Amino acid sequence: MDQVKLSGGEYVRIEGPAMIEVLRGKLYILGAQYDEGSRVTILRARRVVAKAISDTELSVILGPGGFVDKPKAGEEMIDEWDSKLSMELKGSVIMVMGAMDSGKTTITTILVNKASSMRLKVGVVDADPGQNDLGPPTTVSCSILRGGRITHLSYMSPIKQIFLGSTNLEGNWYRAVYAVTKLVDYLRKVESVDFIVINTDGWVEGEGAVEYKRALVNSIKPNYIIIMRKGDEVNGLINGLGVSNMLILNAPPSMRVRDRNDRKIHRDMGYGRYLSPSRELTLNLSQVPVVNMPLTGRGLDGNLMRLISSYLKVKPIYMDSLKNVVMIVSSMVKEPMLRSIPGGVAVLLQPNWENGLLVGLEDKDGFLITLAVLRRIYYNSGRIVVTIPKRLSSLELDSIRGIRVGSIRVNEQFEEVDKFSIIYKIEKIISENGANQL
């Protein structure tokens, strides 16, 4: 246990796991004030900077890897951020943007605490499917804080989630715009929140990133956009958005940076925490359809199968269709591919293409009931077997109305091992040709 004494206005930096107790004085952490006797928990590998409001004494208990130090002048930006975060929160929607490890989550947490201290009902949307703090990876999630204060978004529980199917938005951002808009509308119209803050992903460079963020802004129409800047990586975004309600905040030089492997480990742990312990569930495709692939469980007419097989020169194990897209499973196929056929497009897949793919089990409104792992499709009987969390109730299982296939493949330990990126091309074809039916 460390005893830390601070003069009024002095900073201390603490990385978890850690437990802080204010023995004397007042402490400011992430937009919230902690008085004498207050206790604060800092999660593992999370770093916070606290400021003494008056002469303060702390007790700090550190776990493995935790530390306490005092930042040097210019290393932290608390005062600069506070001086600029003076906008009206009640009735507002604020969107936070920036590159990875630029302080987006920290700013989001500060805004949540500031609004909560004003006794506002606070809605949060986590729109980062790769490093989601509210829900599992591959999702966009929302939550509500009805009072109190937090040191990290993961202390909040998701109330609604939408499955994107990927941790990378570069080929899937159109669905992210839909998902974030749907969750904001839910928080406004159903939950009647007083304030909403949206924490976005770290994709900010390139034309695609600017196009996505611009579409997000046009759909949500936030009152304020906060952009975290730690270099010139957001210059294109700032110029590309071209809006006047933008606030640019500098990221602290000491911001902890995670590499690609750290991020993958974080995602793998997220899948494991969500899905474990698990069990298998069998679903009937006639009752719970796949919504984004030509897989109905009914199969094609024999004559049509023979015509398509002859045209493509493949011997099918199974053939199915949705709208103008035909799915063909054949042992002659070595990797997923698309082929043109008269009147539509064929998706050629190898046997067991489904094993290990993450899927979303959705309710009638398209909200996620649970993340699951696709294990086996029994084509002859139209049944599909998935791995689900064991904790799910009968009521939750009874509310499943659709299956959405994602692009991430995991192993038995729920670690990412492969991609099924063709799913987004299939979705696009189905959505663009919705009027045609084979």
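In this text, all values refer to a predicted model and were calculated from it rather than measured experimentally.
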Residues that V68 engages under side-chain contact (heavy atoms from CB on, under 4.5 Å), provided they are two or more places apart: V4, V12, I14, V60, L62
Side chain to side chain, E354 and V405, heavy atoms closer than 4.5 Å: no
N245: partners by side chain to side chain donor-acceptor pair (under 3.5 Å), with sequence neighbours left out: none
Heavy atoms from other residues, nucleotides or ligands near CD of E207 exceed 12 (cutoff 6.0 Å): no
Residue pairs fulfilling salt bridge (charged side-chain N to carboxylate O under 4.0 Å, His left out) with at least one residue in residues 169-185, sequence neighbours excluded: R175-E362
Salt bridge (charged side-chain N to carboxylate O under 4.0 Å, His left out) evaluation trace for D194 with K90: CA-CA 6 Å; D194 302 309; K90 186 173 183 179; 5.6 Å; no
Pair Y424, S407: side-chain N/O donor-acceptor within cut-off below 3.5 Å: yes
Donor on one side chain, acceptor on other, Y28 and N113, under 3.5 Å: no
With K160 via salt bridge (charged side-chain N to carboxylate O under 4.0 Å, His left out) - residues at least two apart: none
Within-4.5 Å side-chain heavy-atom neighbours: K419 and T167: yes
Flag, side chain of R401 to backbone of D398, donor-acceptor distance under 3.5 Å: yes
Polar side-chain atom of S219 near backbone of A215 as donor-acceptor pair, under 3.5 Å: no
Atom NZ of K5: over 12 foreign heavy atoms under 6.0 Å: no
Flag if over 12 foreign heavy atoms under 6.0 Å of CD, Q3: yes
Set of residues satisfying salt bridge (charged side-chain N to carboxylate O under 4.0 Å, His left out) with respect to K121, sequence neighbours excluded: E191
Pairs involving residues 26-41, ordered by first then second residue, that meet salt bridge (charged side-chain N to carboxylate O under 4.0 Å, His left out) (sequence neighbours left out): E21-R39, K26-D35
Pairwise side-chain contact, F195 with I94, heavy-atom cut-off 4.5 Å (strictly under): yes
Side chains of P222 and V217 in contact at under 4.5 Å (non-hydrogen atoms): yes
Donor-acceptor contact below 3.5 Å, side chain D126 vs main chain D133: yes
Between T296 and D320, a side-chain donor and acceptor under 3.5 Å: yes
D232 side chain to N235 backbone, donor-acceptor under 3.5 Å: no
Test salt bridge (charged side-chain N to carboxylate O under 4.0 Å, His left out) applied to D82 and K114, step by step: CA-CA 10 Å; D82 270 344; K114 281 180 174 290; 3.4 Å; yes
Closest contact, heavy atoms only, M228 versus V234: O-CG1, 3.7 Å
Sub-4.5 Å side-chain heavy-atom contact between V93 and I198: yes
K230/D101 under salt bridge (charged side-chain N to carboxylate O under 4.0 Å, His left out): CA gap, chis, key distance, verdict: CA-CA 9 Å; K230 65 175 182 179; D101 301 313; 5.1 Å; no
Side chain to side chain donor-acceptor pair (under 3.5 Å) against S393, all qualifying residues, sequence neighbours excluded: E396
Neighbour count >12 (heavy atoms, 6.0 Å) for atom CE, M246: yes
Donor on one side chain, acceptor on other, S286 and N284, under 3.5 Å: yes
Any pair counted as side-chain hydrogen bond (donor to acceptor under 3.5 Å, both in side chains), so long as it reaches residues 364-376, sequence neighbours left out: Y274-T370, R375-T387
Contacts of type side-chain contact (heavy atoms from CB on, under 4.5 Å), residue S143, not counting sequence neighbours: L134, M156
Candidate list K104, R263, K213, test salt bridge (charged side-chain N to carboxylate O under 4.0 Å, His left out), partner D201, passing option: K213
Residue pair T138 / Y271, side-chain heavy-atom distance below 4.5 Å: yes
Side-chain heavy-atom pair T151, R46 within 4.5 angstrom cut-off: no
Residue R279 excluded, over 12 heavy atoms near CZ under 6.0 Å: yes
ring-ring contact (aromatic ring centres under 6.0 Å, His included) partners for Y186, two or more places apart: F367
Note, V347 side chain near K425 side chain (heavy atom, < 4.5 Å): no
Spacing of CD1 belonging to I225 relative to CD1 belonging to I227, to within rounding of 0.5 Å: 6.5 Å
Heavy-atom pair of closest approach, residues R229 and G231: CG-O, 3.1 Å
Contact summary for A176 and L216, nearest pair of heavy atoms: O-CD1, 4.5 Å
Shortest non-hydrogen separation from Y224 to S92 and the atoms involved: CE1-OG, 3.8 Å
Closest heavy-atom pair and its distance - W353, R409: O-NH1, 2.8 Å
Residues that E280 engages under side chain to side chain donor-acceptor pair (under 3.5 Å), provided they are two or more places apart: none
Taking every non-hydrogen atom, the tightest pair across S54 and G25: OG-CA, 3.8 Å
Side chain to side chain donor-acceptor pair (under 3.5 Å) involving K264 - partner list, sequence neighbours excluded: D268
